[in-house]
Peer 1: 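Before anything else, here's the structure in question.
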Amino acid sequence: MSKLQPVRGTHDLLPDEFRRFSHVVGTARDVARLYGYREMATPIFEFTELFARGIGEATDVVSKEMYTFSDRGNESLTLRPEYTAGICRAFVSNGELSQQLPLKVFAAGPMFRYERPQKGRQRQFHQIDIEVLGAPEPGADIEVISVAADILDRLGILERCVLKINSLGDPECRGVYRKVLVDYYSGHLDKLSEDSKSRLQRNPLRILDSKDEGDKAINAGAPSFADHLNQASRDFFATVKDGLVAAGIAFEVDPTLVRGLDYYTHTAFEFVTTHIGAQGTVLGGGRYDGLIAELGGPPTAGIGWAGGIERLMMLCNEPPAEPRPVVIAPLGAAAEARALGIARALRRQGITVEQDYRGNMKRRLQRANKLNARAAIIIGDDELARGVAQLKDFDSGDQREVALDALAGALKG
RNA sequence: GCGGCCGUAGCUCAGUUGGUUAGAGCGCCAGAUUGUGAUUCUGGAUGUCGCCGGUUCAAUUCCGGUCGGCCGCCCCA
């Protein structure tokens, strides 16, 4: 099997798989539309600077997972590793988007991250994405989570997921807490795992989520973020939680939930599942009120999430079956020519019709069977002369004669 | 980036304690009278045993490397 291989961590979406892919995206799009979100798209690559500044230089994503290259004009470009930064950039680039706040957008497309592939983790993967810009109110947090829950519900996977939420506070108390944490862990440096030592400067909040047994023991005595939230952050979080309850959305507060991207503030959340292996986060996001200003735009609040399409595909129900085609089987050159027009007329009526390019009757019916056709329209010289066709039903095996101009009616009825 | 498992026909897998033409099921192709599928019967084709190199008289079987997949860590969707 010395065949051409796709690049590591990429894969082809063959027709059967693509059907499930479109089902996920289509479902998400439909639900987002019900909430008034409008779809848009941004380029697959951006200036490297955008991600470095937006996501944070020190994050894993930026420091070791980006597909970065120089183009022929010597610009450093990067294949987008996530959607939020690009959408925020588009918001800043296109002044008209700020004329009607809040801006509510839906987007979907490929993302790229240089990681070790495993189940639910590829180098090119796809996300659906929702963002609300210009809404500092907790109502936006609630709505965005509600959209996610409805999408998961429609896909039939909500009951296999748990919604975890946490508050990362505002920059003020986040900074205070960060310092408190670093002080605390610095006192236990000798017992900290290697991973966590390196996390200490980079992202100390993440140590709280460590799976290392030694770290867990130290974490037991760690100061909690909840105790360090300022009043405004506390109130904000309480409103979000009350709203979720009012909307009938079940959740768990998880104080160890920390997002790896620097721009998050206040609400952070994830829908996680245990059904698809270690990469159990199916959809996650949060609030990023400082990001747009950080990128050089007007201070504008933001909140949103991204969902992994491949992960959702692993969990979701079979999409509805495609309509079964009708096959038109002409015999002879004259009938074949005539069939082209008949097939086209039927398709204009919304009937799926397949016409083979070659083959005798047996061959054509065999193929019809493989296509899971519901019926065949058989037209030979005899039928042609009389202006009729044999209409064969594949499920019952019955066959009857139908006038050519009555075909559409017969197939619809 | 770290650790572990794996790689035989289109698919799922068996097999060779190193030795002539590497197997099964499913699928695929052909036939069972002239214009009728699926079902049934008969016959057929499958493959550089992932790739490169080493050991050996001899390797798909042993060893090394490499590429790819899977599992866990890390990280995240």
Peer 1: Base, sugar-phosphate, or nothing for R8(A), non-hydrogen atoms under 4.0 angstrom?
Peer 2: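 The residue R8(A) makes sugar-phosphate contact but no base contact.
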
Peer 1: Would you mind listing every side chain to side chain donor-acceptor pair (under 3.5 Å) that reaches into residues 314-323 of chain A, with sequence neighbours excluded?
Peer 2: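 As it turns out, the side chain to side chain donor-acceptor pair (under 3.5 Å) pairs with a partner in residues 314-323 of chain A, which skip direct neighbours, are R20(A)-E318(A).
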
Peer 1: Go through the structure and list residues passing side-chain contact (heavy atoms from CB on, under 4.5 Å) with A306(A), not counting sequence neighbours.
Peer 2: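 Expected list: Q127(A), D129(A).
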
Peer 1: Pull out every protein N or O sitting under 3.5 Å from an N or O of nucleotides 39-41 of chain B, one pair per line with the distance.
Peer 2:
none

Peer 1: Going by ring pair (Phe, Tyr, Trp, His ring centres under 6.0 Å), name the residues that satisfy it together with F47(A), two or more places apart in sequence or in a different chain.
Peer 2: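 F47(A): no ring pair (Phe, Tyr, Trp, His ring centres under 6.0 Å) contacts found.
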
Peer 1: Quick one: stems for RNA chain B, with Watson-Crick or G-U pairs under 3.5 Å, at least three in a row?
Peer 2: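 So far as stems of 3 or more pairs are concerned, RNA chain B shows B:1-7 with B:67-73, B:10-13 with B:23-26, B:28-32 with B:40-44, B:50-54 with B:62-66.
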
Peer 1: Considering heavy-atom distances to RNA chain B, does H126(A) or K119(A) have its closest nucleotide positioned more toward the 5' end?
Peer 2: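 The answer here is K119(A).
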
Peer 1: Which residues, if any, of residues 102-113 of chain A bring a heavy atom under 4.0 Å of RNA chain B?
Peer 2: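 RNA chain B contact set from residues 102-113 of chain A: R113(A).
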
Peer 1: Taking only the side-chain heavy atoms of L365(A) (C-beta and beyond), determine which of U36(B), A38(B), C75(B) contains the nearest atom.
Peer 2: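 From the listed options, U36(B) comes nearest.
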
Peer 1: Using heavy atoms and a sub-4.0 Å distance, could you list which residues of residues 327-342 of chain A are near RNA chain B? By number, please.
Peer 2: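 Correct list: L331(A).
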
Peer 1: Looking at residues at least two apart in the chain, or sitting in another chain, which of them share a side-chain contact (heavy atoms from CB on, under 4.5 Å) with V162(A)?
Peer 2: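 Once residues adjacent in sequence are excluded, the partners of V162(A) under the side-chain contact (heavy atoms from CB on, under 4.5 Å) criterion are K164(A), E252(A), V272(A).
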
Peer 1: Does anything in residues 174-190 of chain A pair up under side chain to side chain donor-acceptor pair (under 3.5 Å), and if so which pairs, sequence neighbours excluded?
Peer 2: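 Matches after skipping sequence neighbours: Y185(A)-N219(A).
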
Peer 1: Counting the atoms with a prime plus P, OP1 and OP2 as sugar-phosphate, which does E270(A) contact under 4.0 Å by heavy atoms, base, sugar-phosphate, or nothing?
Peer 2: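 The answer is nothing, as E270(A) stays clear of every strand by at least 4.0 Å.
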
Peer 1: Using the test side-chain contact (heavy atoms from CB on, under 4.5 Å), find all partners of K362(A) that sit at least two apart in sequence or belong to another chain.
Peer 2: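 K362(A): side-chain contact (heavy atoms from CB on, under 4.5 Å) contacts with N360(A), Q366(A).
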
Peer 1: Please enumerate all residues that pass side-chain contact (heavy atoms from CB on, under 4.5 Å) together with F18(A), with sequence neighbours excluded.
Peer 2: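 side-chain contact (heavy atoms from CB on, under 4.5 Å) check on F18(A) returns L13(A), F21(A), S22(A).
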
Peer 1: Using a cut-off of strictly less than 4.0 Å between a heavy atom of the residue and any atom of RNA chain B, enumerate the qualifying residues of residues 17-47 of chain A by number.
Peer 2: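 Contacts with RNA chain B under 4.0 Å: none.
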
